[in-house]
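Predicted, not measured: the structure shown is a model, and the values here were computed from it. Chain letters run A, B, ... following the sequence lines, proteins first and then strands; every chain starts at 1.
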Amino acid sequence: MTEPLADRVLKVLLAVAPDIDAQAIVPEASLRDQFDFDSMDTLQFAIALKREFGVDVPDSDFRELATLDRCVKYLATRLAVQPGA
Amino acid sequence: MSVEFRMPSLGPDMEAGTLVEWRVSPGTAVHRGDVMALVETEKGIIDVEIFHDGTVEQLLVAKGAHVPVGTVLAILSGDAHATSRSASAREEPVAAASSAASPVVPVPPPAAAAAESASHPKVSPAARARARALGVDLQSLQGTGPGGVITLADVERLAAPPSPSRAPQVAMRHAIAAAMSRANREIPHYYLASTIDFTPLRARLEAINRSRAVEQRVLYAAAVIRAVAHAAREIPGFNGHYRDETFVPSVPVHVGVAVAQRGGGLVAPALLDAADKTLDELMTALSDLVARARGGHLRASELSLATITVTSLGEGSVETVFPVIFPDQVAIVGVGSPTERPWIVDGKVTARWVLNLSLAGDHRVSDGRAGARFLERVAARIVAEST
């Protein structure tokens with residue numbers, strides 16, 4: 001897989017919320033403030049991330065999905081300690 | 001026995017809809033719940049189901065046609081006994097009309113709209129609303145939709161600068177304005193609120209979710225909706241519709257869920273038979289409903305059958321919601337954000353998670369005392385969900 005992690009995460013996000021404008025995303029800004037992301041959106045995002053990366057994000061780590069940047073960093077860490085994923 | 005399939009009413013202020021696609025053709029065998037057609041409304045493209053078993057005999061309305069609510073769209077030969085589970089007079093008008101074109105449901109379009117449709121080109125409701133908002137003259141437009149219908153895109157093309165992402169929101173805002181104006185005009189609201197200790201439910205859901213894969217997790221909204229559904233079934237006067245100056249109680253509890261659209265607007269489709277579902281079933285249904293409310297393919301039944309509504313503004317939002325009842329319903333429950341507050345337990349001040357529940361009731365149907373009983377029952381049901 002040569003595609004950068006950030007691009008893959010963005011694709012997952014857009015699949016979960018097709019009604020957001022990809023061009024408008026500010027990676028370091030909260031998804032809630034930018035796109036009215038709610039708890040259902042976050043849960044669906046986490047489910048889709050698991051499908052794509054095999055990483056099950058526990059409820060206690062949901063805050064790591066608050067921004068695109070944070071999410072990418074979090075996944076990088078999780079994937080590094082989970083080489084089979 | 002033939003059965004008429006009509007343009008449904010998907011809200012008290014819907015006048016007409018555009019048939020954008022047939023999913024059946026003459027000879028197709030259909031069963032109750034099958035999607036017959038896709039219809040464009042201000043709430044987007046809706047899947048319209050049939051509530052009978054039968055065989056399609058004739059399609060009476062062409063793709064692209066913009067027709068009033070109640071217009072017969074197709075004739076089926078069918079089993080008349082397999083009637084609607086909706087028991088909704090609006091959806092299943094008595095098949096008594098002799099003229100196929102005349103709307104049976106007595107929803108006369110306003111004079112302006114009627115005059116317009118007589119001499120003007122066919123226009124989708126969303127396009128009409130957008131044109132009104134932008135001041136675009138519909139006469140000057142050539143429709144590119146099926147059958148020459150003027151679509152939202154046609155209006156957008158003429159209006160500069162183009163902003164396609166805003167267009168559906170303008171149409172939806174128009175629909176919300178119409179429904180909420182009617183609510184404030186006709187429904188004598190009263191409001192009640194209670195703050196409850198949410199800590200036990202929160203703890204229980206945390207424990208459940210900790211042991212589950214992400215796909216199986218449950219949001220507190222599902223538990224609150226379930227509690228409201230049970231209270232609506234148990235306390236009379238809050239579950240049903242106010243029609244023709246009379247409260248018509250409903251036996252099934254179909255809980256409308258207000259779903260915010262990104263960037264503004266909302267729809268409140270129903271979780272059908274919410275009181276009969278387990279917490280997990282309700283969570284699954286809620287996930288599916290919210291996804292379709294934002295991504296398309298809501299069903300006509302979901303937009304027309306809600307018997308009570310819940311509106312939850314979500315975590316980190318406000319303490320209390322003062323909701324407006326969706327006509328023709330008679331109650332709506334507002335759910336504030338769970339918040340950590342000082343609380344007294346056994347005579348000692350301690351930090352607890354609390355949740356504010358509010359009720360807007362319809363004074364034509366119930367009073368504050370009954371409303372208080374209803375909210376108490378919701379709170380008791382939330383306690384029951386916590387164990």
Side-chain angles (χ1 to χ4, degrees), chain A residues 8-27 29-68 70-71 74-75 77-79 82 84-85, chain B residues 44 163-169 172 202-225 257-267 282-297 311-317 335 337-338:
Chain A
R8 288 174 68 196
V9 173
L10 180 61
K11 262 189 204 160
V12 171
L13 178 67
L14 292 173
V16 169
D19 47 347
I20 68 178
D21 179 0
Q23 307 300 316
I25 297 177
V26 180
S30 98
L31 293 169
R32 191 183 141 179
D33 291 347
Q34 291 184 88
F35 304 112
D36 298 326
F37 247 53
D38 58 18
S39 50
M40 182 64 86
D41 288 316
T42 307
L43 181 60
Q44 297 307 323
F45 187 32
I47 291 170
L49 288 172
K50 181 179 176 185
R51 216 173 292 137
E52 174 72 16
F53 297 102
V55 172
D56 196 314
V57 183
D59 265 12
S60 50
D61 284 352
F62 267 26
R63 69 180 83 90
E64 304 298 336
L65 309 183
T67 75
L68 206 55
R70 239 172 120 173
C71 178
Y74 173 76
L75 281 173
T77 313
R78 287 288 308 270
L79 289 167
Q82 246 180 261
Chain B
S163 95
S165 62
R166 265 190 65 220
Q169 286 164 16
M172 185 175 279
R202 195 170 184 275
R204 179 178 175 235
L205 293 180
E206 269 181 8
I208 290 176
N209 288 340
R210 207 174 298 129
S211 66
R212 289 187 175 188
V214 67
E215 301 88 343
Q216 264 87 50
R217 289 189 206 149
V218 178
L219 297 175
Y220 74 85
V224 174
I225 289 167
V257 181
V259 179
Q261 305 291 302
R262 260 174 261 292
L266 80 162
V267 286
L282 206 132
M283 180 62 203
T284 304
L286 180 65
S287 303
D288 171 55
L289 193 73
V290 172
R292 286 184 295 110
R294 289 180 175 147
H297 291 291
T311 176
S312 170
L313 264 66
E315 283 168 275
S317 63
V335 184
S337 168

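Considering only heavy atoms from C-beta on, Val259(B) stays 4.5 Å or farther from Met40(A) through its side chain. With a 4.5 Å cut-off on side-chain heavy atoms, Met283(B) and Leu43(A) count as touching.
At a 4.5 Å heavy-atom cutoff, Arg51(A) makes no contact with chain B through either its backbone or its side chain. Contact annotation for Leu286(B): both backbone and side-chain heavy atoms come within less than 4.5 Å of a heavy atom of chain A. Heavy atoms of Gln44(A) lying under 4.5 Å from chain B belong exclusively to its side chain. When heavy atoms are compared at a cutoff of 4.5 Å, Ala213(B) approaches chain A by way of both its backbone and its side chain. Contact annotation for Asp38(A): only side-chain heavy atoms (C-beta onward) come within less than 4.5 Å of a heavy atom of chain B.
Ion pairing between a basic and an acidic side chain is recognised when a charged N comes within 4.0 Å of a carboxylate O; Asp56(A) and Arg217(B) show such pairing.
Interatomic distance, OG1 of Thr42(A) versus CG of Leu219(B), reported as 9.0 Å (0.5 Å rounding).
Residues Asp19(A) and Arg262(B) share a closest heavy-atom pair of OD1-NE, 3.0 Å.
Ranked by heavy-atom pairs under 4.5 Å with chain B, the first of Val16(A), Asp21(A), Leu49(A), Ile47(A) is Ile47(A).
Residues meeting the side chain to side chain donor-acceptor pair (under 3.5 Å) test with Glu206(B), sequence neighbours left out: Arg202(B).
Within residues 287-297 of chain B, the residues approaching chain A closer than 4.5 Å by heavy atoms are, in numerical order, Ser287(B), Val290(B), Arg294(B).
Although no hydrogens or angles enter the test, the distance criterion places a donor-acceptor pair under 3.5 Å between the side chain of Arg32(A) and the main chain of Gly316(B).
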